[in-house]
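Below: the structure, in structure tokens.
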Amino acid sequence: IDGDDLDAGILEGISPNAIWPYRLDTLRAQLAAHRGDKPGARALLDPAIQGFSKHKADDDRFAVRARALLDATSTDTTP
């Protein structure tokens, strides 16, 4: 699956909670990190984490994943 194939509008219609865009950005960030694009992953994670917080969804499992992924992509192992 490509990250662009995910549609927040469809998911929001099935399970309305206003945080689907942030969940999907977390998944897209995970894909980017897996492909080695740490800056791209971080660019998606920062707004996603802010969105979870704005909607008081800091305990959502995707929010937890986003914070962990942000920590992992922030570690620079380049000498």
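These figures come from a predicted structure and were not determined experimentally.
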Side chains of residues 61-72: which donor-acceptor pairs under 3.5 Å do they make with residues two or more places apart or in other chains?
unit_1: Arg67; atom_1: NH1; unit_2: Asp58; atom_2: O; d: 3.3
unit_1: Arg67; atom_1: NH2; unit_2: Asp58; atom_2: O; d: 2.9

Determine all donor-acceptor pairs shorter than 3.5 Å in which one atom belongs to a side chain in residues 40-47; sequence neighbours excluded.
unit_1: Arg42; atom_1: NH1; unit_2: Thr73; atom_2: O; d: 2.3

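A donor-acceptor pair under 3.5 Å links the side-chain atoms of Thr26 to the main chain of Tyr22, judged by distance alone.
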